[in-house]
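Remember, it's a predicted structure, so these values are computed and weren't measured experimentally. All values below were derived from every heavy atom in this structure, side-chain atoms included, with hydrogens, water molecules and symmetry-related copies excluded.
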Amino acid sequence: RPMPIILHVDMNSYFASVEQQANPFLRGRAVGVCAYLHAKGCVIAASVEAKAMGMKVGMNVEEASKIVPEAVFVENAPAKYRFVTKKIFALLHELSDTIEHYSIDEAFIDLTGWCRDEAEAAFLASHIKYRLTHEVGEWLRCSVGIASTRFLAKFASERQKPDGLTIITRENLDAYLVGADVQEACGIGPRTARKLRRLGIHSLLELKRYPIANLMRVFGKNGFYLWCKVNGIECERVAGGTVPPKSIGHSYRVPNRVNRDGLVTQVLTKLTERAGRRLR
């Protein structure tokens, strides 16, 4: 059997980078992309420059402005991001016939049988990074992870940001896991992390070496999957083709006056109609 080779592509500060690509006056500046321009509007993306100054996704505009006074805030433009994503994925589809569109700015690519080893996969990844900046947008960057499983490929892409390229093999796996907190793994949230720490598991390397029977006793079958993921055993394959969205919704943070005036029902009705239209 050919050696499994999975590549994960993760665009860096995607929405903010697209805005900087579209508007040269925003390049090199701290940019925050918001759901809507309001003091309580949520920052859904921050540029590389803004992140370096302390801005984080999830802050509201008021909080982000205090941390980064010189930041520029723009309202999100979904149609613009979808247009750029379509061009990016068109490049990725030239690498393999099995590609999973994981999100608007992430994709898994199964290169098994298309590349002889990780070195050849890294060459293809470098070529895609080059084409990305020269054919789609010079201000767009991505981090790439290469490994034998989906989980490790995504974990690898998060090791070097922005614009990184990381290869994880069985030989260097422990070196990457030893300094990684359990919550750095995709799929391990605060609740699971607390349970792991109560077992004395603080790093992913400790999770890798923990007896699988004990994990299954505490977490059930999820403990088996956790152990397999950090040990480089594939439990889920790249889902090729179009994957239907897991959820569809609309949200809006209403100002205090809406609560005072009892207008929440009207806002809820409008959001429900928009979500229903998209579902239909």
Taking the side chain as everything from C-beta on, heavy atoms only, tell me whether [X] gets closer than 4.5 Å to [Y].
{"X": "Ile233", "Y": "Thr149", "result": "no"}
{"X": "Asp174", "Y": "Lys208", "result": "yes"}
{"X": "Cys34", "Y": "Val61", "result": "yes"}

- Cation-aromatic face contact Arg159/Phe155, 6.0 Å, 45 degrees: yes
- Going by the side chain to side chain donor-acceptor pair (under 3.5 Å) test, name the single residue among Arg29, Arg27, Gln20 that passes it with Glu49. Gln20
- Picking from Asp10, Thr166, Asn12, what satisfies side chain to side chain donor-acceptor pair (under 3.5 Å) with Lys161? Asp10
- Task: Quick one: list whatever passes ring pair (Phe, Tyr, Trp, His ring centres under 6.0 Å) with Tyr130, sequence neighbours left out.
- Result: His134
- Message: Side chains of Glu19 and Tyr81: any donor to acceptor distance under 3.5 Å?
- Response: yes
- Query: Just checking, any donor-acceptor pair under 3.5 angstrom between side chains of Ser13 and Lys51?
  - Reply: yes
Please check if [X] and [Y] belong to a single hydrophobic cluster, counting links between Ile, Leu, Val, Met, Phe, Trp and Tyr side chain heavy atoms closer than 4.5 Å.
{"X": "Leu91", "Y": "Phe108", "value": "no"}
{"X": "Val57", "Y": "Phe73", "value": "no"}
{"X": "Phe151", "Y": "Met216", "value": "yes"}
{"X": "Leu199", "Y": "Leu226", "value": "yes"}

- Tell me, which pairs form a salt bridge (Lys or Arg N to Asp or Glu O under 4.0 Å) where one or both residues lie in residues 105-121, sequence neighbours left out? Glu106-Lys154, Arg116-Glu120
- Task: Would you please name every residue forming a side chain to side chain contact (heavy atoms under 4.5 Å, CB included) with Ala153, sequence neighbours left out?
- Result: Ile6, His8, Ala147
- Item | Contacts of type side chain to side chain contact (heavy atoms under 4.5 Å, CB included), residue Ser247, not counting sequence neighbours | none
- Message: As a quick check of understanding, evaluate side chain to side chain donor-acceptor pair (under 3.5 Å) for Thr133 and Glu138, giving each step before the final call.
- Response: CA-CA 4 Å; Thr133 56; Glu138 60 181 343; over 6 Å; no
- Item | Hydrophobic cluster of Trp139, others only, ordered by chain and residue number, side-chain cut-off 4.5 Å | none
Indicate every side-chain donor-acceptor pair of residues 189-197 with a distance under 3.5 Å to a residue at least two apart or in another chain.
| unit_1 | atom_1 | unit_2 | atom_2 | d |
| --- | --- | --- | --- | --- |
| Arg197 | NH2 | Asp181 | OD1 | 3.1 |
| Arg197 | NH2 | Asp181 | OD2 | 2.8 |

- Query: Is there a salt bridge (Lys or Arg N to Asp or Glu O under 4.0 Å) between Lys87 and Glu135 once you walk through the steps?
  - Reply: CA-CA 9 Å; Lys87 298 175 70 174; Glu135 297 179 22; over 6 Å; no
